[in-house]
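Here the structure is laid out as structure tokens; the discussion comes afterwards.
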Amino acid sequence: MMQAALAALGREGAYELLPTPAERLGERMQEVRRSYRGVNVTVPHKRRVVETLDRVEGDALSVGAVNTVVNRSGELVGHNTDAAGFYWALERLDLLPGEALILGAGGAARAVVHALVQRGWLVGVHNRTLARAQELVERVGGWIVAPDKLEKAVRRTPLLVNATSVGLNDADASPLPEGLLPEAGAVVDLVYAPLETRLLREARSAGLVVVDGLGMLLGQGVLAFELWAEAPAPVEAMERALREAVR
Ligand code: NAP
């Protein structure tokens, strides 16, 4: 996706993988400071990387996690494009702010809840580990949906987002009990491998609007690219490359 974006704009450069064990994170970021225009940061470094940066801006401040670093003449600035990237994908559905139910309380859920709350949505959060959901709600907003309230909350929500890793690498797993789905509206799954999760398959068969995990992946990538390139991203070329890569 990033390489396709560079090619489409006729820019030189390479987007490459820098596998980095936790104990080498500080050293790696020094290398970034010397030799890179920027980096994306992913699991498990999104929170700890903050300690290695000079500054953190925008959504990264409230979410407490960084997925994009920009090197501004030796100064490392951290951003979070997951939150706005999620909303970028959601905007394609033309929904008005209303109620939403988020499953999960990890890094992705934090970004999603933050994005929705900031834009006026009323957000319920359900997570297997209650303490993690509590921490999320205290930091970014929303309220907790307890296990005994889950069924009712799922049925009546117009927007359900799976931000757990259930379904990842397992096409048969669903974050919801068998047969439970919203009665109407949209279902978003952040998992993108496989692209069609069981949750999305069942939601589509039930006539619900579905959004797969590539939407947010593309959105966060478009916004990260624009931070590095300081130019509008070639969205179509990026989307084509991304869909090609996950086929
Ligand atoms: P994370 O911080 O590790 O959080 C994982 C979440 O999944 C936690 O809420 C965890 O609950 C829950 N979970 C894991 N196994 C579970 C199970 N068996 N039953 C119920 N809940 C379970 O991971 P993350 O970074 O937030 O990522 C979550 C998912 O979003 C991953 O699949 C990732 O690939 C996807 N993602 C997609 C995008 C995108 O651009 N599309 C971006 C970021 C992440 P506990 O708190 O109880 O452990």
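The analysis underlying the following values was restricted to heavy atoms, covering all of them including side chains, and did not include hydrogens, waters or symmetry mates. First listed ligand is number 1; within each ligand, the first listed atom is number 1.
- Within the hydrophobic cluster formed by Ile, Leu, Val, Met, Phe, Trp and Tyr side chains joined at under 4.5 Å, directly or through other members, Val70 is accompanied by Met1, Met2, Leu6, Leu9, Tyr15, Trp88, Tyr192, Leu195, Leu214, Leu217, Leu218, Val222, Phe225, Leu227, Trp228, Val235, Met238, Leu242, Val246.
- Sorted by chain and number, the heavy-atom contacts of ligand 1 below 4.0 Å come from Val43, Gly104, Ala105, Gly106, Gly107, Ala108, Asn127, Arg128, Thr129, Arg132, Ala163, Thr164, Ser165, Val166, Leu168, Leu190, Val191, Tyr192, Gly213, Met216, Leu217.
- Partners of Glu57 by side chain to side chain donor-acceptor pair (under 3.5 Å), not counting sequence neighbours, listed by chain and number: Arg55.
- For Leu122, the side-chain contact (heavy atoms from CB on, under 4.5 Å) partners at least two apart in sequence or on another chain are Glu99, Trp143.
- For the 3.5 Å distance criterion, the side chains of Asn67 and His79 fail to qualify, holding no donor opposite an acceptor.
- A 4.5 Å side-chain heavy-atom check between Glu226 and Pro232 finds at least one atom pair inside the cut-off.
- When the shell of 6.0 Å around CD of Glu236 is examined, it contains 12 or fewer heavy atoms from other residues, nucleotides or ligands.
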